[in-house]
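Here is the structure we will look at.
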Amino acid sequence: MSSSSAAIPPGSWQIDIAGPPLVHLKTARIGLIRLEASAPVLGGVFRLGAGDAGAGDTGGDTQDGTGLRLELGLDQLTTGNPLLQAAARVLVSRGNGERLVFDARAAAGTTHGGPWDFAGDARAGDVVVPMTVTAQHAGGGRLTLGGSATFQDVHIPLPGLSHLNEISFEVASEVRLDLGDPA
């Protein structure tokens with residue numbers, strides 16, 4: 001598709017990981033600090049059905065549903081702070097998962113032109129994270145992603161932050177779809 005305003009055609013489209021695109025994670029202030037991190041997108045698929053997304057069923061690829069699968073490299077998570085970087089690596093190693101995988105269907109009533117709202121659990125090893133993502137067509141095969149992820153019962157190896165009941169992150173990214181041939 002050469003036109004930057006052309007709609008994304010129905011099909012199953014791979015997320016182009018050249019670069020790779022980053023997902024940015026940011027919390028509200030927790031005590032004296034705000035946690036900010038970035039993780040690369042290592043893969044994914046955007047499935048756009050021919051009509052409205054179906055209700056109920058989550059995950060999996062269907063002909064008439066709209067879905068999103070996003071894979072983030074937690075083992076490549078980066079922060080701007082060396083102390084937080086070490087804490088992030090400890091958290092990832094405790095969860096036994098180097099990849100966070102989010103796979104969900106769009107909410108019922110979501111139309112072909114978007115925006116598309118996805119809600120479900122992201123998984124990394126034995127860690128399950130409730131996550132919501134809204135995808136908006138940004139022209140030229142690009143999707144703007146925004147949403148939130150909530151981690152429960154978190155142990156951070158830093159003084160004063162050793163145990164938190166909950167941490168919510170804002171999620172933001174822009175990804176490009178490979179619109180050559182459907183996946």
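It should be emphasised that the depicted structure is a prediction, and the values quoted were computed from it without experimental measurement. The chain is numbered in sequence order, starting from 1.
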* Asked: Val41 and Leu70: side-chain contact (heavy atoms from CB on, under 4.5 Å), yes or no, with the steps?
  -> CA-CA 7 Å; Val41 176; Leu70 197 59; 3.9 Å; yes
* May I have the step-by-step check of side-chain contact (heavy atoms from CB on, under 4.5 Å) for Trp13 and Asp178, ending in yes or no? => CA-CA 6 Å; Trp13 306 102; Asp178 182 355; over 6 Å; no
* For Gln14 and Val45, what are the C-alpha separation, side-chain angles and deciding distance, and is it a side-chain contact (heavy atoms from CB on, under 4.5 Å)? -> CA-CA 5 Å; Gln14 293 289 330; Val45 175; 3.7 Å; yes
* Evaluation steps, side-chain contact (heavy atoms from CB on, under 4.5 Å), between Leu145 and Val175 -> CA-CA 8 Å; Leu145 305 176; Val175 296; 4.2 Å; yes
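Under the 4.0 Å criterion applied to side-chain N and carboxylate O atoms, Asp16 and Arg176 are not assigned as salt-bridge partners. Between Arg105 and Asp117 there is no salt bridge, since none of the side-chain N atoms of the basic residue sits less than 4.0 Å from a carboxylate O of the acidic one.
Val133 and Leu42 fall into different hydrophobic clusters, where Ile, Leu, Val, Met, Phe, Trp and Tyr residues are linked whenever their side-chain heavy atoms come under 4.5 Å apart, directly or through other members. Residues Met131 and Leu143 fall within the same hydrophobic cluster, defined by Ile, Leu, Val, Met, Phe, Trp and Tyr side chains chained together at heavy-atom separations under 4.5 Å. Hydrophobic clustering (ILVMFWY, side-chain heavy atoms < 4.5 Å, transitive): Val101 and Phe46 are in distinct clusters. When the side chains of ILVMFWY residues are joined at heavy-atom separations under 4.5 Å, either directly or via intervening members, Val171 and Leu100 end up in a single hydrophobic cluster. Leu177 and Val23 fall within a single hydrophobic cluster, where Ile, Leu, Val, Met, Phe, Trp and Tyr side chains are chained together by heavy-atom contacts under 4.5 Å.
Heavy-atom minimum distance, Gly141 versus Leu179: CA-CD1, 3.5 Å. The minimum heavy-atom distance between Thr79 and Ala37, with the atom names listed, is CG2-CB, 3.9 Å. Counting all heavy atoms, side chain and backbone alike, Leu22 lies closest to Ser173 at O-OG, 2.7 Å. Closest of all the heavy-atom pairs between Ala104 and Arg47 is O-NH2, 3.8 Å. Closest of all the heavy-atom pairs between Leu72 and Ala39 is CB-CB, 4.4 Å. Between Ala135 and Phe118, the closest heavy-atom pair is CB-CE1, 3.9 Å.
Using a distance-only test at 3.5 Å, with no hydrogens or angles considered, no donor-acceptor pair links the side chain of Ser148 to the main chain of Thr132.
When only modelled atom types and interatomic distance are considered, Ser38 and Thr78 share no side-chain donor-acceptor pair under 3.5 Å.
Atom-to-atom distance recorded for Glu98:CD and Glu71:CD is 13.0 Å, nearest 0.5 angstrom. The distance from the CH2 atom of Trp116 to the CD atom of Gln136 is 7.0 Å, given to the nearest 0.5 Å. Atoms CZ and CD1, from Arg142 and Ile8 in turn, are 10.0 Å apart once rounded to the nearest 0.5 Å.
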